[in-house]
There are 2 protein chains.
Amino acid sequence: MTPNKEDFIKAIFELGGKEKVVTNKDLVRMLSISAASVTDMNTRLLKEELITHLPYQGVMLTEKGLLIANQLTRKHRIWEVFLAEKLGYDWNEVHADADLLEHVSSDLLIERLNIFLDEPTFDPHGGVIPNQDGTVPEIHSTPLIECKVGDRFKIQEVDDQEDFLEYLLYKKVHLGKEYTLAEIEPYDGPLTLETSAGEKTVIGHKAAFKIFVDIIE
Amino acid sequence: MTPNKEDFIKAIFELGGKEKVVTNKDLVRMLSISAASVTDMNTRLLKEELITHLPYQGVMLTEKGLLIANQLTRKHRIWEVFLAEKLGYDWNEVHADADLLEHVSSDLLIERLNIFLDEPTFDPHGGVIPNQDGTVPEIHSTPLIECKVGDRFKIQEVDDQEDFLEYLLYKKVHLGKEYTLAEIEPYDGPLTLETSAGEKTVIGHKAAFKIFVDIIE
DNA sequence: AACTATTTTTAGTCTACCCTAAAAAATAAT
DNA sequence: ATTATTTTTTAGGGTAGACTAAAAATAGTT
């Protein structure tokens, strides 16, 4: 396993390669490499049985590929916790360094780091940390976009793209905060959230796909 | 800079490339690569002006190369402190993981880690940690082999090869411990160290080159 | 000084990972 | 249904970093 292959596997996973076929085009966009390079890498990963390939359609992770993706996610997220909690990184800063560290972390290192951090369940943006054996704890969370007006909820997880996290910082939306969904504008309009203290926050339609909440009762 | 080039620079440094010409042969042994690969890498590093090359003699670090070596040593040793102090690694376990981590550590990460660790001066085997600007603090230490019978000293630094550290662990020699040099056998024979409590330890001749001490008054 | 052994370099190959340009297949539009 | 567009694949090439085998240079020995 090389860092490049690992990044490729992770990209497939993040594009939904666990359940559905991921197109070359999506991988080109995600990894910023040429279409030819994607085909190239596909054939290499295919040879190692990490993915299945439907010509001209795309790729999906095999069990073996999924295991690697989950183990990488575990490493990534444990490092994110370390960077945020121990080194004082903001939640929008952790991603880049964790991305490098995950590829050079022995199992021993990760397990010791995990214990040092008191075996966290979530990373700084609410992502659940997979178990050592590659299984993923089941967490009940709903995309904000699927909520109905009147729902009360707690922010559970948010997408971990740097600019998006910065947007949320600006909007004062953070993990664990409780809101009621006050209003949804029609025609893909914005959503209005309201805290019990009456603080109102307006969130764009697309952002509501990237916020996951835990609906209260 | 790639991890391979960095390892090569580090190997030259560790073989004395700061002051003297290092032969290909030594690099072959240290890096476990073929002689041809050494020549190959030499030409690449030469092009970047990180080394100077005397054909059929060997290479030396330039100022630029030395700076990189020192910065790498800084990263390596700060990680060693972290692994030993925070994650409970033994001093003979830290090397391998630190070797991987040093190549993916941004300056920001290292400086934050350094602060988290309270800006240590030495790593777990007594190696001094270079400064951020690439300068190296001056430490007064003497190879044990140069000591005379009757000298009293404190263990300051030891070579960081895993098997050697294991040997010292077995001999109960650790950093900071004080001894008197009780005896030196002739013909490259062993050295006998003695603590104030009368505990005697016999150290092989070659090992005495890898132990550095701070002679007391 | 000549021969031998060692070390370094050169020449030619290989894999991983990337590229561009062109061909082939799939999809969308008329 | 045919044409146009998009996407994927193939073909050919480049660089980094490794290799083996053979040639060239250095060092050691008689």
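As the structure is a computational prediction, the values presented were derived from the model and not from experiment. Here is the naming used below: chain letters follow the sequence lines, and residue numbers restart at 1 for every chain.
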note: B:E6, atom CD; D:dG17, atom P; distance rounded to Å ~ 11 Å
A:M41 atom CE is separated from D:dT9 atom P, nearest whole Å, by 15 Å
Requested in this report: Please tell me if the side chains of A:F13 and A:L66 come closer than 4.5 Å, counting only heavy atoms from C-beta onward.
Outcome: yes
Close side-chain approach of A:F116 and A:K86, heavy atoms under 4.5 Å: yes
Of C:dT20, D:dA16, D:dA25, the nucleotide closest to the side chain of A:S34 is C:dT20
Does atom CD of B:E185 have more than 12 heavy-atom neighbours, drawn from other residues, nucleotides or ligands, at distances under 6.0 Å? yes
A:N24 CG to D:dT10 P, in whole Å, measures 11 Å
| request: Quick one: do B:N42 and B:F8 satisfy side chain to side chain contact (heavy atoms under 4.5 Å, CB included)? Show the steps, please. | output: CA-CA 9 Å; B:N42 280 347; B:F8 207 88; 3.4 Å; yes
Separation of C:dT8 atom P from B:L27 atom CG, nearest Å, is 9 Å
Between CG of B:N42 and P of D:dA18 the distance, given in whole Å, is 12 Å
In whole angstroms, the gap separating P of C:dT10 from CZ of B:R44 amounts to 14 Å
Between CG of A:D40 and P of D:dT8 the distance, given in whole Å, is 15 Å
Whole-Å distance, A:E48 CD to C:dC17 C1', equals 13 Å
Between A:H125 and A:H95, ring centroids under 6.0 Å = no
Which of D:dG17, C:dT8, C:dT10 is nearest the side chain of B:A36? It is C:dT10
Whichever of A:I33 and A:Q57 has the more 5' nearest nucleotide on DNA chain C, that residue is A:I33
Quick note, A:Y56 side chain, CB onward, closest among D:dG17, C:dA24, C:dC18 is C:dA24
Q: Establish, with yes or no, whether the OP1 or OP2 oxygen of D:dT10 is under 4.0 angstrom from a side-chain nitrogen or oxygen of A:T39.
A: no
Per atom distances to the A:S37 side chain, the nearest of C:dT8, C:dC19, D:dC19 is C:dC19
Note to self: I want to check one thing: is the phosphate of D:dA18, taken as OP1 and OP2, less than 4.0 Å away from some side-chain N or O of B:N4?
What the structure shows: yes
